[in-house]
Each structure stands twice: as C-alpha cells, then as structure tokens.
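Data first, discussion second: the structure below is written as structure tokens.
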Amino acid sequence: MPGYNLHDAVLRAAGVPSRVAGAADGVLLGCFVADRDAAAFAELVRRHGSMVLGVARRELGNGPDADDACQATFLVLARKAAVVRHRDAVGAWLYGVARQVARKALRKRLASRERERPESCLKSHPAAAHAPGSHDPSIAAAMSDLLHVLDEELGRLPDSYRAPLVLCYLEGRTQDEEARQLGWSLGAFRGRLERGRARLRDRLTRRGVGLAVLAAAAVARPEPVAAGMQITIINTAAAVAAGKALTVPAAVAALAEGAIRTMTTTKLQWAVGVIAVSGMLTVGGVWATGQGPSGPGQTPGAVPAQPAVTGQAKIDAPMERRAGASQRRKSMNNLRQIMLGVVNYEVGFRCLPADFRDKDGKPLLSWRVAILPFIDQDVVYREFKTNEPWDSEHNLKLLHQMPQMYRIGFEPEDATVTCYQAFAGPDTPLHPAFGQRISLGRIRDGASNTFGVAEAGSPVPWTKPADIPFDPKKPLKLATPFTNEWHVAMMDISAHALKRDIDPDVIRRLIMMTDGEQTPPLDTLRPPLAPPAETEAEKRELRKKIDENQVLVNRIRELMKEQADLLDLQNRIAKNIDQAEDAGDWLRKILDELQPRNKKFRDDVGLPAGKPVPTPNQH
C-alpha cells in the first residue's frame with residue numbers, strides 16, 4: 001500500500017482531513033502535544049519523512065541502519081514534541097536530530113568493526129555506494145563527500161535560515177507550500193530563504209564547494225518513506241502520546257535514547273574548527289556534441305582575442321600573465337562548480353549534457369547553457385529559447401548574463417566570452433555522434449584518468465556551441481590563459497593545476513576515454529607548490545590572511561584547552577556504562593581525527609615526529 005494511501009486512511013479515521021492537510025507544521029505539532037492527534041503526527045511524517053531518510057542514508061547507506069535511524073528520529077520527535085523551541089521549523093529540527101542519530105549509529109557500527117578507518121575517509125564511507133553517480137566509485141565517493149559538507153554547513157545555520165533551505169531543496173516544496181507549512185508570510189519566507197542561501201553560499205565557498213551542491217541533494221532525495229515504516233512510526237507516536245509501553249526494535253530505542261540523552265545532558269562535541277578543509281573534491285564529467293573549432297592552433301601561453309560580435313566584449317591577451325595563489329584557488333573553484341553541474345545533470349537525465357541542436361543536427365546553444373539549472377542559474381536558463389541559435393536576436397541579448405563561474409577573473413566586467421571549454425573530438429565523452437548520448441559509465445579508462453573541462457583554448461561566447469577541437473592524429477596546440485600553469489578538471493570530480501610542458505602524447509591519452517593506454521599519476525604532472533605571493537597586492541592579502549588566521553588559532557587554542565578540561569570532567573562524572581561508552585566513542589573519534597591530521601601537518605612543514613613544534617619566537 002503506497003505511503004499516500006496510509007496517510008489518507010489516517011486522515012479519514014481522524015475525521016479532519018482538511019484541517020490537518022492544510023495546517024502549518026507548528027499547528028500540527030501543537031495538536032499532537034495537546035490532543036494526542038495521530039493524524040497530525042502522520043502528516044508530519046508524510047511531509048518530512050523523505051528528508052529524514054535521505055539524511056540517514058547519506059551517513060549510513062541504503063540499508064536497515066538508515067531505516068532504524070529514520071524511525072528513531074521520529075521517536076525522538078514523539079518524545080520531545082513538547083520542548084521543540086521553534087515549532088514553525090519542525091523540518092529544520094528533524095534535520096538536526098536525524099544527523100545526530102545517524103552519526104551515533106555510524107559510530108556504533110565502526111566500533112563493532114574493531115575501529116576501522118574513520119567515516120571521514122572518503123572511499124570507505126558507507127553511503128558512497130548509494131550516492132548520485134554511484135556507477136563510478138570515485139564519482140560516488142566524491143559526491144558523498146560533497147553532500148556531507150552540505151549537511152555539516154546546513155547544520156550550523158540557525159533554524160530560521162535552515163528551515164526554508166531544507167524545505168526548498170531537501171523536500172522539494174514550492175515557495176507557497178513552504179511559507180504555508182512554516183506559518184510565515186510569502187515575503188518573510190523569501191527573505192529568509194535568500195539570507196539563508198547567502199550564508200550557506202559563504203560557508204560552502206570557504207570549503208571549496210558552491211551552492212550547486214544543493215541541486216545534488218535534491219537529485220539524491222529518496223522516495224517517500226515506505227508505508228510499513230510509516231505505520232510503525234505513527235503507531236509508536238500514538239503509544240508515546242497515550243503513555244503506553246513501546247514495542248520498538250532495540251536498535252531504534254537505543255538510538256532515540258542516545259539522542260534524547262544528548263539533548264538533556266548537554267553532550268559535548270568535538271570542535272572541528274582546527275581541521276583545515278582544503279582541496280574539496282567535486283563531481284566532474286565531460287560532455288558536448290558536435291563542437292565547432294574555437295580557432296586555429298595557437299602558441300602555448302597566449303590567449304588570442306575573440307573577434308567581437310554584437311553584445312560581446314573582448315579579452316585582452318597579455319603574453320606574460322601568470323597565475324598566482326589566489327588565481328589558482330579561483331580557477332579551481334570555478335572548475336569544480338562547473339563539473340558539479342555537469343554530473344548533477346547526468347544524474348538527472350542519465351546522460352552527460354550536450355549542445356542543443358535543431359532537427360537537422362546543427363548546434364544551437366552550448367552545453368554551458370544546458371547545465372544552468374544545475375549551477376543555481378535556473379532563472380537565467382528559463383530566459384533562453386533553446387530552439388534558436390546562440391546568436392539569434394533573442395538569445396544574443398542574454399550574453400551579458402554570463403555566470404561568474406565562467407569567468408577567470410581578469411576579464412572586463414562586460415566580458416561575455418569564456419575559456420572554460422571541453423575537448424571535442426574522437427573517443428572523447430565530449431563529442432558523440434548526433435542523436436547519441438554518453439553517460440559516465442562509458443568512460444572505460446577511469447574517471448580519474450580522463451579530462452573533463454579545461455581552462456584553455458581561444459575564448460568563445462559562453463552560449464556558443466564551441467569548444468577545444470581535438471584530433472588524436474594531430475599535435476594539440478593548447479592556448480592557456482597563464483604562462484606558468486594551466487587548469488583542468490577530471491572526470492572523477494577533481495580539479496588540478498598542471499605543468500605547461502606535459503608530453504603531448506600524455507595529454508592525448510588523458511583526453512581520450514577508451515584508448516586503454518596507461519597515464520602517469522597526476523602528481524607527476526603538477527607544477528611546484530602553489531606559487532608564492534609575488535605582487536604587492538598578493539603580499540598584502542597574504543599578510544592580512546595570516547593575521548586573520550592567527551586570531552582564529554588563538555581562539556582555537558582557548559577552546560581546545562576548555563575542550564580537554566570538559567572531556568576530563570565528562571569522563572569523571574559518568575554515572576553508568578552507557579555514558580562511559582559514549583564518552584569513549586567521542587575520545588576515540590578525536591584521536592582518529594587528530595593523529596593522521598597532525599602527521600599530515602608535520603609532513604607538510606617538514607617537522608619530524610616527536611620534535612617539538614616551534615613557538616612563534618623560535619620560528
């Protein structure tokens with residue numbers, strides 16, 4: 001019996017379908033607390049069950065452990081409904097509880113496996129096999145990691161900002177539905193949604209991820225909770241409301257009890273601020289059909305100016321432009337966001353995005369337009385007429401709405417051309433025959449061994465169906481914006497800075513997706529460490545960043561000392577075995593995080609193990 005049938009049956013039995021179905025979350029929760037209204041609780045399960053199950057599966061994978069975590073989350077709601085502070089934001093509250101319950105379940109699982117590698121290890125995370133794009137393990141693992149970053153940063157937002165984001169992206173509600181569900185006016189809802197998006201964008205950007213990951217979460221949203229689980233959850237809630245004894249699986253009861261104990265005993269959590277998050281992997285892919293040449297072969301290091309067209313600015317081409325540290329970071333982030341959009345598209349349509357074509361196969365618009373809804377640019381996308389060419393009277397007016405991630409950073413403000421292009425030629429995922437589509441699974445050489453999008457080539461209007469032409473029988477003369485390095489994203493979601501003097505045959509093997517030839521490790525193709533600050537502006541920025549970081553270091557030092565004292569206190573005041581085990585779980589997790597990261601920090605700065613860290617005066 002489908003979940004909605006169960007829901008309808010509960011409403012009919014309660015005799016109040018219109019009241020419950022149209023009520024705000026806060027009203028429903030109040031009905032359950034005051035009147036033991038099972039129909040009201042059933043409506044909350046229907047509204048938020050899929051989101052809760054999705055959170056659990058991102059931590060635990062698609063299995064019984066996730067189902068237990070979902071049930072435990074709603075059991076916590078049934079037990080603690082009267083003390084939910086923001087009743088209008090039940091979805092945000094459930095989101096936080098679901099994350100807490102799922103992480104608790106994961107720690108128990110890891111402990112039972114004799115302390116395997118921690119769940120932060122990307123390739124071993126249990127949810128990786130069930131993440132979007134799981135037909136390629138590296139892409140699935142990277143997508144799983146991205147969704148974890150999203151969960152972490154969403155969890156840090158205040159409920160008033162988290163609630164509309166959860167409803168909009170993780171539950172797929174319309175804005176009218178969301179405002180009504182929260183009991184807010186539409187204007188208030190939209191204001192909080194935009195402020196929440198802005199805060200989340202800032203947090204994600206600092207971790208090398210963009211808002212496009214929200215689209216990945218939407219694509220990964222599971223089906224509604226199964227009818228059988230809904231029945232169990234609602235019966236359990238009714239028993240709680242009636243004060244009856246519960247008959248729930250021991251695992252569910254233990255998870256719920258642990259979450260409730262955390263709420264009531266102010267359970268301590270490890271402060272992760274000291275952990276520097278850098279080089280986040282993002283999902284990558286390649287695409288395009290029938291790409292036209294972007295121009296004849298150019299001398300490496302030069303970016304020829306694109307001939308001007310109506311509504312298009314030109315990019316100057318200085319011969320000695322170098323990429324500094326800040327430029328490398330910007331380029332890497334651009335590439336990651338573009339690739340994330342590509343894979344989100346592939347997850348949704350089961351094929352990589354391609355140029356829009358007419359019925360005769362003539363390219364009309366670029367794949368860069370096709371991925372707009374997947375890079376948080378759906379408003380711009382809706383303005384295009386996809387059955388007209390890029391330079392039609394209507395579409396040409398949209399050139400000036402080029403997304404920021406298509407800009408390298410040195411262009412004039414009114415520039416409408418981009419160097420973010422795919423390789424188009426035989427045996428690439430970017431150039432299928434007309435009428436065909438290519439999926440990520442077709443890349444037999446491996447996602448980590450195949451180029452996706454490059455910051456290279458003669459700049460082209462961003463909506464024009466033109467990319468870097470590739471012929472495996474001819475030398476590839478690749479123009480790049482910078483003379484010291486060039487930037488590219490791979491199919492495994494990673495973005496890299498590469499040396500300028502790579503053997504052309506190696507580049508050929510990395511472009512082709514099924515040639516079966518071995519490629520060298522990317523580590524051997526990278527330039528030296530990130531270039532040092534060279535210009536006065538970069539040096540000023542570096543000094544500013546160092547001073548800002550020092551303030552954070554001092555604050556972390558204070559909090560870590562307090563953390564150690566509190567952990568000591570928590571251990572000494574444990575009253576039973578469960579509390580002592582919980583304390584031990586946290587302590588082991590801290591050690592599992594600290595030891596490898598401290599080793600990495602020492603290796604990075606060349607400090608041997610056991611040697612004291614020099615003080616500021618000694619450095």
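Because the structure is a prediction, the values reported are computed rather than measured.
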Do we see a donor-acceptor contact under 3.5 Å between the side chains of T514 and D427? yes

Check for me whether R195 meets the cation-pi criterion with Y161, that is, NZ or CZ under 6.0 Å from the six-membered ring centre and within 45 degrees of the ring axis. no

For C351, does its backbone N or O pair with a side-chain atom of R437 as donor and acceptor, under 3.5 Å? no

Smallest heavy-atom separation, L154 atom then R162 atom, equals O-NE, 3.2 Å

Is a side-chain N or O of D515 found less than 3.5 angstrom from the main chain of E517, in a donor-acceptor match? yes

Could you check if a side-chain atom of L510 sits within less than 4.5 angstrom of a side-chain atom of T519, using non-hydrogen atoms only? yes

What closest approach, in Å, do G457 and C419 show between heavy atoms, and which atom pair accounts for it? O-SG, 3.7 Å

H487 (side chain) donor-acceptor with T480 (main chain) under 3.5 angstrom: no

Do the charged groups of E485 and R500 touch, with an N to O distance under 4.0 Å? no

Can Y406 and N334 be counted as having a side-chain donor-acceptor contact under 3.5 angstrom? no

Between R58 and D151, does any side-chain N to carboxylate O distance fall below 4.0 Å? yes

Got a donor-acceptor contact below 3.5 angstrom from the W486 side chain to the K499 backbone? yes

Say whether, by atom type as modelled, one donor and one acceptor occur between the side chain of D445 and the main chain of N449 under 3.5 angstrom. no

Would you tell me whether H496 and S494 have side-chain atoms, one donor and one acceptor, within less than 3.5 Å of each other? yes

Is any NZ, NE, NH1 or NH2 atom of the basic residue among D505 and R508 found under 4.0 Å from an Asp or Glu carboxylate oxygen of the other? yes

